[in-house]
Student: 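First the structure, which I've put down as structure tokens, then a few questions once you've had a look.
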Amino acid sequence: QVQLVESGGGLVQAGGSLRLSCAASGRIVSINNMGWYRQAPGKQRELVAVVSSSGRISYVDSVKGRFTISRDNAKNTVYLQMNNVKPEDTAIYYCNADIKRTIWDQTTGYWGQGTQVTVSS
């Protein structure tokens, strides 16, 4: 079985910083894209940032210049460094990874349990 375990959420003041981590474990042959999504109350889940296995990165416009996504392939871990956070960044943040469990399997998307980020003004 594959698990994605997130950590690093919490309460932070506007203008502050947080670092989220997400580690994938279990039977894993390879991981393609790893990314972070978020869902605020009453809103749809949105893609925040994604990094491919080759290092290609993209961000939603609202976080460009403030958030940085990175990954450590040796640890099957993806990070989201959040700087200069704003109240509108308040949401549950979910990790997502496209994982191949065996050489015979298709790549499947897995989700973490979510971590709450609350930004006070």
Side-chain angles (χ1 to χ4, degrees):
Q1 189 71 319
V2 171
Q3 277 192 315
L4 299 183
V5 178
E6 299 143 343
S7 60
L11 175 64
V12 61
Q13 285 191 329
S17 298
L18 275 178
R19 189 190 194 211
L20 306 183
S21 300
C22 171
S25 63
R27 190 174 185 180
I28 297 171
V29 168
S30 63
I31 304 178
N32 190 2
N33 291 342
M34 300 187 83
W36 291 94
Y37 290 71
R38 66 186 179 187
Q39 187 165 19
K43 294 188 177 182
Q44 289 190 329
R45 189 174 298 190
E46 68 169 351
L47 175 64
V48 176
V50 62
V51 54
S52 73
S53 56
S54 63
R56 186 174 58 194
I57 291 172
S58 63
Y59 298 97
V60 67
D61 285 347
S62 59
V63 307
K64 286 180 179 177
R66 299 187 299 121
F67 292 8
T68 302
I69 190 170
S70 61
R71 65 189 281 174
D72 183 334
N73 291 327
K75 296 180 179 179
N76 289 336
T77 299
V78 63
Y79 305 96
L80 185 69
Q81 178 66 43
M82 307 168 62
N83 296 331
N84 190 24
V85 294
K86 303 175 180 180
E88 52 262 42
D89 295 320
T90 296
I92 299 175
Y93 284 71
Y94 297 91
C95 171
N96 175 269
D98 295 328
I99 293 174
K100 194 175 176 80
R101 294 180 59 203
T102 73
I103 60 173
W104 301 280
D105 284 343
Q106 300 276 353
T107 298
T108 302
Y110 290 85
W111 291 92
Q113 79 284 1
T115 185
Q116 177 70 47
V117 172
T118 303
V119 182
S120 63
S121 56

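Along the sequence shown, residues are numbered consecutively beginning with 1.
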Student: Examine V2 and V29 and state if one hydrophobic cluster contains both, with Ile, Leu, Val, Met, Phe, Trp and Tyr joined whenever side-chain heavy atoms are less than 4.5 Å apart.
Tutor: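 As far as the 4.5 Å side-chain criterion goes, V29 and V2 are not connected within one cluster.
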Student: Do R66 and D89 have side-chain heavy atoms sitting under 4.5 Å apart?
Tutor: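 The answer is yes; the side chains approach within 4.5 Å.
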Student: Can you check whether T68 reaches Y79 side chain to side chain, under 4.5 Å on heavy atoms?
Tutor: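 Result no, sub-4.5 Å side-chain heavy-atom pair not found.
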Student: Under 4.0 Å between a Lys/Arg side-chain N and an Asp/Glu carboxylate O for K64 and D61?
Tutor: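 A salt bridge is present here (some side-chain N lies under 4.0 Å from a carboxylate O).
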Student: If hydrophobic clusters are built by linking Ile, Leu, Val, Met, Phe, Trp and Tyr wherever their side-chain heavy atoms come under 4.5 Å apart, do L20 and Y110 end up in the same one?
Tutor: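 Yes: a chain of side-chain contacts under 4.5 Å links L20 to Y110.
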Student: Hey, could you give me the CG/CZ distance between N33 and R71, rounded to the nearest 0.5 Å?
Tutor: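 Rounded to the nearest 0.5 Å, the CG-CZ separation comes out at 7.5 Å.
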Student: As an exercise, state the distance from CZ of F67 to CZ of R38, rounded to the nearest 0.5 Å.
Tutor: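 Between atom CZ of F67 and atom CZ of R38 there are 5.5 Å.
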Student: Determine the sole option in T102, T107, T108 for which the side-chain contact (heavy atoms from CB on, under 4.5 Å) test with D105 is passed.
Tutor: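 Result: among T102, T107, T108, T102 is the only option passing the side-chain contact (heavy atoms from CB on, under 4.5 Å) with D105.
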Student: Is I103 reachable from I28 through a run of I, L, V, M, F, W or Y residues, each pair having side-chain heavy atoms under 4.5 Å apart?
Tutor: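 In one cluster: no.
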Student: If you compare all heavy atoms of K75 against all heavy atoms of T77, which two are closest, and at what distance to 0.1 Å?
Tutor: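 Scanning both residues completely, I find the closest heavy atoms to be O-OG1, 2.8 Å.
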Student: So, does T90 use its side chain to make a donor-acceptor pair with the main chain of V119 at under 3.5 Å?
Tutor: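 The answer is yes, because a donor-acceptor pair under 3.5 Å joins these two groups.
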Student: If you group Ile, Leu, Val, Met, Phe, Trp and Tyr by side-chain heavy-atom gaps below 4.5 Å, do I69 and M34 land in one group?
Tutor: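 I69 and M34: one cluster.
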Student: To the nearest 0.5 Å, what is the distance between SG on C22 and CG on N96?
Tutor: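 Nearest 0.5 Å value for the SG-CG distance: 8.5 Å.
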Student: Can you hop from V50 to I99 via hydrophobic side chains spaced under 4.5 Å?
Tutor: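 Different clusters.
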Student: For a 4.5 angstrom cut-off between non-hydrogen side-chain atoms, does W111 reach R45?
Tutor: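 Yes - at least one pair of side-chain heavy atoms lies under 4.5 Å apart.
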Student: Is it the case that the side chain of E6 and the backbone of C95 share a donor-acceptor pair, with hydrogens and angles ignored and the cut-off at 3.5 Å?
Tutor: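 Pair found, side chain donor or acceptor close to backbone of C95.
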Student: Within the side chain of Y94, is there an N or O that forms a donor-acceptor pair under 3.5 Å with the backbone of Q39?
Tutor: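 Not at all, since once roles are kept as given, no pair shorter than 3.5 Å links the two residues.
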Student: Heavy-atom count around Q3 CD within 6.0 Å, excluding the residue itself: above 12?
Tutor: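 At most 12 heavy atoms, drawn from other residues, nucleotides or ligands, come within 6.0 Å of this atom.
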Student: Main chain of G16, side chain of N83: is a donor-acceptor contact present, judged purely on distance under 3.5 Å?
Tutor: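 Checking the backbone N and O of G16 against the side chain of N83, no donor-acceptor pair under 3.5 Å is found.
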Student: Distance check, rounded to the nearest 0.5 Å: K100 atom NZ versus S53 atom OG?
Tutor: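 The OG atom of S53 is 12.5 Å from NZ of K100, to the nearest 0.5 Å.
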Student: Could you tell me the separation between the CG atom of N73 and the CD1 atom of I31, rounded to the nearest 0.5 Å?
Tutor: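 Going from CG on N73 over to CD1 on I31, the span is 7.5 Å.
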Student: Look up atom CG in L80 and atom OH in Y37, then write down how far apart they are to the nearest 0.5 Å.
Tutor: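 Answer for the CG-OH pair, L80 versus Y37, is 13.0 Å.
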Student: Looking only at heavy atoms, what is the nearest atom pair of S121 and A14, with distance?
Tutor: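 Where S121 meets A14 most closely, the heavy atoms are CA-CB, 4.3 Å.
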Student: State, to 0.1 Å, how close G9 and V117 come at their nearest heavy-atom pair, and which atoms those are.
Tutor: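 The answer is CA-CG2, 4.2 Å.
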Student: Please name the pair of heavy atoms, one in W36 and one in L47, separated by the smallest distance, quoted to 0.1 Å.
Tutor: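 Between these two residues, the closest heavy atoms are O-CD1, 3.6 Å.
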